[in-house]
Amino acid sequence: MDTKGFTDQVDNYIQNLRSAIYQPIVERDAGHAPIDRQKAFLLLLPMLNGESWTDEMHQASLAIGAIHTAFDIHDQIDSTDASSKEQQLMVLAGDHFSGIHYKLLASIPNFHLIRSLSVAIGRINECKTTLLQEPPNSIEDRLQLIGEVESACIIEFYHTFGFTRYISIVEVLFPLIWLIESGQQDLNRMKFPHLAPNARDTEKWIQQLQENLDDRLHNNFYLHKPLVDQVLKMAKQGASKLI
Amino acid sequence: MGLEKIKLMSLYTDFRKDVAYIEKELERSVQSSSPIVRQASLHLLKAGGKRIRPIFVILAAQFGNYSLEKAAKVAVSLELIHMASLVHDDVIDDSDMRRGLETVKAKWNNRVAMYAGDFIFSRALTSIGSIEKEAVHRILAETMLEICKGEIIQIDFQRQTDQGMRDYLQRIKRKTALLLASSCELGALSADADAETVRKLRRYGYFTGMAFQIVDDILDITSTDAELGKPAGSDLLNGHITLPILYIKDDAEFRPYMERAFAGNMLESDRQNMLLYIRQSDAIDKAQHVSDLYLEKALKELDGLPNGKSKKALIQIADFIGQRKY
């Protein structure tokens, strides 16, 4: 599969996800849900790499996309004032997307994933609260929590369906992207902008994580060359340069 | 513990041990490595509540092969889903007080409330995840989506006066009745009760839930601020038209009150006068009559179910709902 093929697959997935989470009143008054293309790409990485992809995996991947979208919309709730109709609907849209995630898993039904993903969702919310209210002092600890927030559901998906070897990529890539966005001062895109390190530390950590990722990509297992290029592009330029 | 909760608990003394076990399980289920998440979750848990959903699960499960462990998984899950929705509702309604305590969003902030609510929801799924029955998960997922749809519609209808009885009943069905119906249904299903018993119990839960919400809406007007733990008339102040208001909204003298409540510029004395005006009208009696009709239907569903402690408790709970004072 070439880059065009990847783009089509990710587009197709996003379209399916959009249709699965559709809620007419939310769509009308709060607009399109913020579907994260970078997460979609990494979730689908095994499939893009040619791994066998069953209907159950497709359904479960939509469930993960729904919960990611729920998180992202809840991250947009204002800390002090959520009284506008748009914000009220965003609270409920997130709850609706959470419900869709559960409905999709229940319809498979995959009880193991319902359980393991619920633990991951709990952990993600613990990490987000810690990052928001009492963030750790060291950059290393912050990066670890940010990595967990962004990758925990995808890692659970990989574990469930036997794609564990892909975990080594996502666990490095997410903190790296966060740092790159902080270096680019892309504060609108980035989560937890108040935790961005200074420029010197950012550079140092980016370099270290890039080397780590490079090592994992070339030594751990086979990933198709166009995918390696794509991952490296994200690792160098951030998520905005995604296919 | 509130007087009403004590009264309610006296109705199911035979199941006190089971209720105490579920209470412990609830507390255990919201333990967290994050101190703030733990405090926020326990904060609401400790504030109490009637625990009517867990009670319905236990009582319905008695009609099958009862296992406390299994029933507790379902009961904890349903109560946590209810709790998670309350935490998010307080963000939506910008409420600072619930059950006489500061809300999570007031004690911390909206974002902590969002994360705490999502955390509690995740624990609900962890609890029910161990029940490997497709129907249980399908019913619960559908219920959650319907509850959410009801809230979305409620926001859409906020401050709209051209609503009718049908709109109101649809809304309270989703807001309250469906989760109570599911509590009975899932309790019975988890204990492998027969299909007819499951159906009857679901309908009992549904009708009781409709009555419960109507009474709740009446109490929002007839109770004092202290009894409610929040300002009386909050529903109207938040732009929601409830059943008593439906009966009085076209009254020429009442309309200016409603307009000021919706505009958010109501003085304290004005609020008290508005409440007095509604209390002195026939709107409360009319709403109470509708609630009574639902309770009659609920009790009828219990006909044909085997007599015993569980059926007796369900009858008493229906009576309690019709007579509760706050």
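Just the heavy atoms: all of them, side chains too, but no hydrogens, waters or symmetry mates, feed the values below.
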Applying side-chain contact (heavy atoms from CB on, under 4.5 Å) to B/Phe119 and A/Ile121, what does each step give before you reach the verdict? CA-CA 7 Å; B/Phe119 169 82; A/Ile121 294 168; over 6 Å; no
Derivation of the side-chain contact (heavy atoms from CB on, under 4.5 Å) call for B/Ile155 and A/Leu92: CA-CA 9 Å; B/Ile155 298 291; A/Leu92 294 171; 3.6 Å; yes
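In terms of non-hydrogen atom pairs under 4.5 Å with chain B, the most contact-rich of A/Ser98, A/Gly94, A/Ser83 is A/Ser98. Highest contact tally toward chain B, considering only A/Ile67, A/Ile108, A/Thr130, A/Asn125, is held by A/Asn125 [criterion: heavy-atom pairs under 4.5 Å]. Top candidate by heavy-atom pairs under 4.5 Å with chain A, chosen from B/Asp94, B/Ile36, B/Val136, is B/Ile36. Among B/Met114, B/Lys149, B/Gln158, the residue with the largest count of heavy-atom pairs under 4.5 Å with chain A is B/Met114. The choice from B/Arg38, B/Lys133, B/Lys105, B/Glu134 that makes the most heavy-atom pairs within less than 4.5 Å of chain A is B/Glu134. Interface remark: of the candidates A/Asp75, A/Ile100, A/Leu104, A/Asp75 forms the most heavy-atom pairs closer than 4.5 Å to chain B. With chain B as partner, the option from A/Ala93, A/Ser116, A/Pro109 having the largest number of non-hydrogen pairs under 4.5 angstrom is A/Pro109. For chain B, the option among A/His112, A/Lys85, A/Arg123, A/Met90 with the highest count of heavy-atom pairs below 4.5 Å is A/Lys85.
One finds the CD1 atom of A/Ile114 at 11.5 Å from the CD1 atom of B/Ile131 (value rounded to the nearest 0.5 Å). Annotation: the span from A/Tyr102 atom OH to B/Leu140 atom CG amounts to 4.0 Å, rounded to 0.5 Å. In this structure, CG in A/Asn110 is found 9.5 Å from CD in B/Glu132, a value given to the nearest 0.5 Å. A distance of 8.5 Å separates CG of B/Asn109 from OG1 of A/Thr80, quoted to the nearest 0.5 Å.
Around the NZ atom of B/Lys24, the shell of radius 6.0 Å holds no more than 12 heavy atoms that belong to other residues, nucleotides or ligands. Annotation for A/Asp55: atom CG does not count as buried by contact number, only 12 or fewer foreign heavy atoms lying within 6.0 Å. Heavy-atom neighbours of A/Gln15 CD from other residues, nucleotides or ligands within 6.0 Å: at or below the threshold of 12. Around atom CD of B/Glu268, more than 12 heavy atoms belonging to other residues, nucleotides or ligands sit under 6.0 Å away. The environment of NE2 in A/His194 is crowded: more than 12 heavy-atom neighbours from other residues, nucleotides or ligands sit within 6.0 Å.
Scanning for ring pair (Phe, Tyr, Trp, His ring centres under 6.0 Å) contacts around A/Phe161 gives A/Phe157, with sequence neighbours left out.
Between B/Arg111 and A/Asp78 there is no salt bridge, since no side-chain nitrogen of the basic residue lies less than 4.0 Å from a carboxylate oxygen of the acidic one. A salt bridge links B/Asp156 with A/Arg28: at least one charged nitrogen is closer than 4.0 Å to a carboxylate oxygen.
Between A/His96 and B/Cys148, the shortest heavy-atom contact is N-SG, 3.3 Å. Summarising the geometry of B/Asn110 relative to A/Ala82, their closest heavy-atom pair is ND2-N, 3.5 Å, with the distance given to 0.1 Å. Contact detail for A/Glu126 and B/Val37: the closest heavy-atom pair is CA-CG2, 4.1 Å. Closest heavy-atom contact between A/Gly122 and B/Ser122: CA-OG, 3.1 Å.
For B/Tyr115 and A/His74, the ring centers are positioned 6.0 Å apart or more.
Remark: the backbone N or O of B/Gly129 is paired with a side-chain donor or acceptor of A/Arg115 at under 3.5 angstrom. Of the possible donor and acceptor atoms, none in the side chain of B/Arg138 sits under 3.5 Å from a partner among the backbone N and O of A/Lys103.
Between A/Phe111 and B/His137, the two ring planes are tilted [angle within 30° to 60°].
At a 4.5 Å heavy-atom cutoff, the contact between A/Gln23 and chain B is made by side-chain atoms alone. For B/Ile120, no part lies under 4.5 angstrom from a heavy atom of chain A.
At least one side-chain heavy atom of A/Ile77 sits less than 4.5 Å from a side-chain heavy atom of B/Val91. Side-chain contact between B/Glu151 and A/Gln88: absent, with no pair of heavy atoms (C-beta onward) separated by less than 4.5 Å.
Residue B/Ile152 is tested with A/Asp95, A/Val26, A/Asp29 for a side-chain contact (heavy atoms from CB on, under 4.5 Å); the sole match is A/Val26.
Scanning residues 131-155 of chain A against chain B with a 4.5 Å heavy-atom cutoff picks out A/Leu132, A/Gln133, A/Glu134, ordered by number.
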